[in-house]
Amino acid sequence: MNSITIPRPDDWHLHLRDGAMLEGVIADSARHFARAIIMPNLVPPVVTGDQAAAYRDRILAALPEGMAFEPLMTLYLTETTDPDDVAAAVNSGLVKALKLYPAGATTNSDSGVRDFDKVVPVLERMAELGTPLCVHGEVTDSDIDIFDREAVFIDRVLDPLRRKVPGLRVVMEHITTSDGVAYARSGGPDLGATITTHHLIINRNHILVGGIKPHYYCLPVAKREEHRLALVDAATSGEPTFFLGTDSAPHPTDLKENACGCAGCYTSPNTMSLLAHVFEAENALDQLAIFASQNGPAFYRLPVNDDVLRLTKRDAPVAFPATRETGAGPVTLFDPGFDLFWEVETT
Ligand code: NCD
Ligand code: ZN
């Protein structure tokens with residue numbers, strides 16, 4: 001198979017940032033993706049419906065003329081989030097999900113949740129509304145090893161929370177472990193899980209062997225190879241639980257190549273080529289549309305996109321720039337360390 005055509009994909013977990021960075025990166029998503037769930041971890045975070053509306057306007061203003069792209073807005077859940085504001089923003093059609101960051105878990109998560117009991121009233125309202133909660137699933141306790149934080153979160157926080165708020169629809173964001181895969185599989189139709197492109201490709205050796213590779217550092221951090229294999233198995237399985245959320249997270253290169261480097265991989269430009277490569281290697285190219293274009297809309301109760309994206313396998317490697325120049329500085333693209341032959345053709 002040298003060419004495949006899939007419904008235009010969506011990105012169910014994307015960081016577009018703001019200002020000059022937003023202007024510099026938005027076309028990379030809009031070129032291939034019809035819609036994206038937009039992460040709200042700006043500084044300050046997008047907490048209220050009014051803030052989400054203003055952010056949506058800034059995103060659309062930054063979109064280059066002639067490009068179509070629908071930002072699906074999220075609110076950043078805090079301990080003081082007002083259930084009525086959430087309901088109004090959801091009912092108006094503006095807000096599609098809320099994002100739960102445990103305080104301190106990742107980039108710009110200081111305003112996140114410390115005491116999970118405090119957010120139960122909002123979660124109960126979300127369960128009534130059918131609004132998904134996108135969860136960054138890592139505990140932040142200093143005594144828990146960073147490689148165990150996802151598995152411990154499932155036991156200590158996620159499972160108890162789902163029992164406390166029956167009917168709450170949850171997306172486990174960017175799962176990185178076989179524990180995450182197993183829990184997501186066990187959760188029924190109200191539990192989904194996004195998988196990033198980079199976690200299908202790298203394990204923790206890629207970050208640390210032969211010198212530290214800051215552009216492979218993201219959160220949750222990549223785990224052992226056995227976990228990567230579990231993610232590839234889930235992504236290529238066709239099971240409705242699993243869908244693409246790139247977690248493409250641009251940072252200026254100098255803030256990653258730094259004594260205290262930021263977490264995040266920038267994968268928007270080459271994600272579809274990378275995914276075609278991974279799926280082909282698994283003999284699962286026929287599952288790519290399900291993972292990237294169909295399961296996400298089904299979970300979010302939205303239609304699959306009408307238009308299509310065609311991927312063609314070239315004889316020579318497809319060229320990608322090493323960096324995306326932006327007004328906020330250059331951003332280094334995720335480099336898988338191997339050549340890519342699948343090229344996207346948009347119609
Ligand atoms: C994200 C960012 O930079 O905003 N970083 C990352 O490593 N994934 C935050 C996040 O999704 O955890
Ligand atoms: Zn993210």
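All heavy atoms count here, side chains included; hydrogens, waters and symmetry mates do not. Numbering of ligands and ligand atoms starts at 1, following listing order.
Residue-ligand proximity: His13 is placed with a non-hydrogen atom under 4.0 Å from ligand 1. Ligand 1 has no atom lying under 4.0 Å from any heavy atom of Glu138. Under a 4.0 angstrom heavy-atom cut-off, His251 registers as being in contact with ligand 1.
Heavy-atom contacts from other residues, nucleotides or ligands closer than 6.0 Å to CG of Leu229 number more than 12. A 6.0 Å sphere centred on CG of Asp145 holds more than 12 heavy atoms belonging to other residues, nucleotides or ligands.
At distances below 3.5 Å, at least one donor-acceptor pair connects side-chain atoms of His199 with backbone N or O atoms of Pro220. Between the side chain of Arg8 and the main chain of Val308, no donor-acceptor pair closer than 3.5 Å is present. Using a distance-only test at 3.5 Å, with no hydrogens or angles considered, a donor-acceptor pair links the side chain of Gln51 to the main chain of Val47.
Scanning Gly245, Ala263, Pro220 for the heavy atom closest to atom 5 (N) of ligand 1 points to Ala263.
At the shortest separation from atom 8 (N) of ligand 1 among protein heavy atoms lies Asp247 OD2, 2.7 Å. Scanning the protein heavy atoms around atom 10 (C) of ligand 1, the nearest turns out to be Thr106 OG1, 3.4 Å. Looking only at protein heavy atoms, the nearest one to atom 7 (O) of ligand 1 is Leu219 N, 2.7 Å. Atom 1 (C) of ligand 1 has His15 NE2, 3.6 Å as its closest protein atom, hydrogens excluded (heavy atom only).
Residue Thr107 has at least one nitrogen or oxygen atom sitting less than 3.5 Å from a nitrogen or oxygen atom of ligand 1, judged on distance alone. Considering backbone and side-chain N/O atoms, Cys218 never comes within less than 3.5 Å of an N/O atom of ligand 1. Polar contact check, Gly264 against ligand 1: a nitrogen or oxygen pair lies under 3.5 Å apart.
Seen from the ring of Phe147, Arg204 counts as a face-on cation partner, given the 6.0 Å and 45° thresholds.
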Determine all donor-acceptor pairs shorter than 3.5 Å in which one atom belongs to a side chain in residues 294-301; sequence neighbours excluded.
unit_1 : atom_1 : unit_2 : atom_2 : d
Asn295 : ND2    : Glu239 : O      : 2.9
Asn295 : ND2    : Phe242 : O      : 3.0

Report all side-chain donor-acceptor pairs from residues 131-141 shorter than 3.5 Å, counting only partners two or more places apart or in another chain.
unit_1 : atom_1 : unit_2 : atom_2 : d
His136 : ND1    : His174 : NE2    : 3.3
His136 : NE2    : Glu138 : OE1    : 2.8

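Residue Lys99 does not touch ligand 1, judged by heavy-atom distances below 4.0 Å. Residue Asn108 does not touch ligand 1, judged by heavy-atom distances below 4.0 Å. Only the side chain of His136 comes within 4.0 Å of ligand 1, counting heavy atoms alone; its backbone N, CA, C and O stay farther away.
Note on Asp117 versus Lys164: salt bridge recorded, some NZ/NE/NH1/NH2 to OD/OE distance being below 4.0 Å. A salt bridge is absent between Lys223 and Asp179; no separation between the charged side-chain nitrogens and carboxylate oxygens falls under 4.0 Å.
Counting only residues at least two apart or in different chains, salt bridge (charged side-chain N to carboxylate O under 4.0 Å, His left out) contacts with residues 311-320 comprise Glu280-Lys313, Arg314-Glu343, Arg314-Glu345.
If you look at the Zn ion (ligand 2), the protein N, O or S atoms less than 2.8 Å from it are His13 NE2, His15 NE2, Asp247 OD1.
Ring geometry for Phe334 versus His198: interplanar angle of 30 to 60°, hence tilted.
The CG atom of Asp335 sits 11.0 Å away from the SG atom of Cys265 when rounded to the nearest 0.5 Å.
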